[in-house]
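Chain A is the first sequence line, chain B the second, and so forth, proteins listed ahead of strands; every chain is numbered from 1.
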Amino acid sequence: MTTVSVPAGWPATEEEARAVQDELRARVLLEPGPPVGAGHVTGVDVAYDDERDVVAAAAVVLDAASLEVVAEATAVGRISFPYVPGLLAFREIPTVLAALDALPYEPGLVVCDGYGLAHPRRFGLASHLGVLTGLPTIGVAKNPFVFTHADPDAPRGSASPLLAGDEEVGRALRTRADVKPVFVSVGHRVTLDDACAHTLALTPRFRLPETTRRADSLCRRALQEATIRH
DNA sequence: GCGACAG
DNA sequence: ATCTTGTCGC
């Protein structure tokens with residue numbers, strides 16, 4: 001497991017962070033991403049111990065066809081930013097980057113626990129991570145955040161637009177029949193249709209993608225191990 | 001101005 | 001995110 005410190009020049013105030021978002025936003029690419037079910041799909045997630053100022057990140061690479069784990073990596077560090085809705089990326093990204101760097105394989109599509117385009121400034125965690133790494137990224141969130149949506153039909157695969165006013169910024173996607181939908185948005189180098197198709201391919205059994213389930217449990221374990229002593 | 005608000 | 005046991009169900 002690798003150890004990270006807060007990057008030099010990392011934004012220290014909300015104003016600085018928003019300025020960074022506004023600058024990087026122009027670099028997002030809207031283009032066809034990797035094919036569904038081919039190559040690698042990587043889940044990233046982060047767990048915190050605010051009390052001890054520790055953050056642990058995990059990156060788990062799956063074979064996109066079988067969903068078997070191919071590789072895992074973790075990283076721990078100091079918390080680099082407080083939680084502020086709309087600025088989540090500044091809290092998660094340094095440690096996530098370190099975990100991704102520690103992987104022995106190319107990540108392929110990266111699936112984030114949170115939003116991409118569906119963001120107050122249209123530059124969420126998935127967009128930010130995509131621009132910094134150049135990798136294709138999507139965001140799959142558990143809550144609608146500040147957006148509105150109609151309830152999708154009951155069958156798995158049903159979807160309804162996730163709206164900011166009348167702008168479709170993502171999709172509420174039912175990954176299990178009769179279960180609360182997940183909220184999918186584009187990060188970098190992927191279309192919304194493909195982001196949803198990938199999400200469905202990653203949810204053969206549970207509401208949340210296998211990628212985020214695996215990354216979530218791994219980063220919690222990493223946090224425990226980093227925190228159990230001291 | 002106040003509250004809500006991904007994780 | 002995090003605080004948290006047993007319990008219902010596939």
If you count heavy atoms of other groups shown closer than 6.0 angstrom to CD of E51(A), is the number above 12?
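Counting other residues, nucleotides and ligands, CD of E51(A) stays at 12 neighbours or fewer.
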Between N or O atoms, less than 3.5 Å apart, protein on one side and nucleotides 3-8 of chain C on the other: list the pairs.
none

Which nucleotides of DNA chain C pair, in dot-bracket form (Watson-Crick or G-U under 3.5 Å, | meaning another strand):
..........
Describe the nucleic acid contact of [X] in one word from base, sugar-phosphate, nothing, applying a heavy-atom distance below 4.0 Å.
X       : result
D49(A)  : nothing
A118(A) : nothing
Y115(A) : base
L87(A)  : base

Given the rule that I, L, V, M, F, W and Y join up when any side-chain heavy atoms are under 4.5 Å apart, are [X] and [Y] in one cluster?
X       : Y       : result
L129(A) : L29(A)  : no
V190(A) : V36(A)  : no
L202(A) : L200(A) : yes
V111(A) : V169(A) : no

Under the criteria of a ring-centre distance below 5.5 Å and an interplanar angle below 30°, is Y83(A) stacked with the base of dA1(C)?
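Not stacked by the 5.5 Å and 30° rule.
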Flag the pair D216(A) and R220(A) as a salt bridge only when some basic side-chain nitrogen lies within less than 4.0 angstrom of an acidic carboxylate oxygen.
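Yes, charged N to carboxylate O under 4.0 Å.
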Taking atom [atom1] of [X] and atom [atom2] of [Y], what is their separation to the nearest 0.5 Å?
X       : Y       : atom1 : atom2 : answer
E210(A) : L62(A)  : CD    : CG    : 7.5 Å
E167(A) : L162(A) : CD    : CG    : 10.5 Å
D166(A) : T148(A) : CG    : OG1   : 10.0 Å
L208(A) : R214(A) : CG    : CZ    : 13.5 Å
L100(A) : L132(A) : CG    : CG    : 11.0 Å
T191(A) : L30(A)  : OG1   : CG    : 9.5 Å

To the nearest angstrom, how far is [X] atom [atom1] from [N] atom [atom2]?
X       : N      : atom1 : atom2 : result
D50(A)  : dG7(B) : CG    : P     : 15 Å
R18(A)  : dC5(B) : CZ    : C1'   : 12 Å
E92(A)  : dA6(B) : CD    : P     : 12 Å
L162(A) : dA6(B) : CG    : C1'   : 11 Å
Y48(A)  : dA6(B) : OH    : C1'   : 10 Å

Within residues 184-217 of chain A, residues whose heavy atoms come under 4.0 Å of DNA chain B
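Of all residues in residues 184-217 of chain A, none places a heavy atom under 4.0 Å from DNA chain B.
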Does any residue of residues 137-157 of chain A have a heavy atom under 4.0 Å from DNA chain B, and if so, which ones, in number order?
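DNA chain B contact set from residues 137-157 of chain A: A141(A), K142(A), N143(A), F145(A), V146(A).
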Give a yes or no on whether the backbone of H119(A) and the side-chain of R122(A) come within a donor-acceptor separation of less than 3.5 Å.
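Present.
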Residue pairs passing the side-chain hydrogen bond (donor to acceptor under 3.5 Å, both in side chains) test where at least one lies in residues 98-116 of chain A, sequence neighbours excluded
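Those involving residues 98-116 of chain A are D113(A)-K142(A).
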Answer yes or no: is there a side-chain heavy-atom contact under 4.5 Å between T137(A) and R189(A)?
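In short, these two side chains do not touch, never coming nearer than 4.5 Å.
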Quick check: do R176(A) and T203(A) have side-chain heavy atoms less than 4.5 Å from each other?
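They are not in side-chain contact.
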So what is the 5' to 3' dot-bracket string for DNA chain B, if pairs are Watson-Crick or G-U wobble with both distances under 3.5 Å, crossing pairs use [ ] and | means the partner sits on another strand?
.......
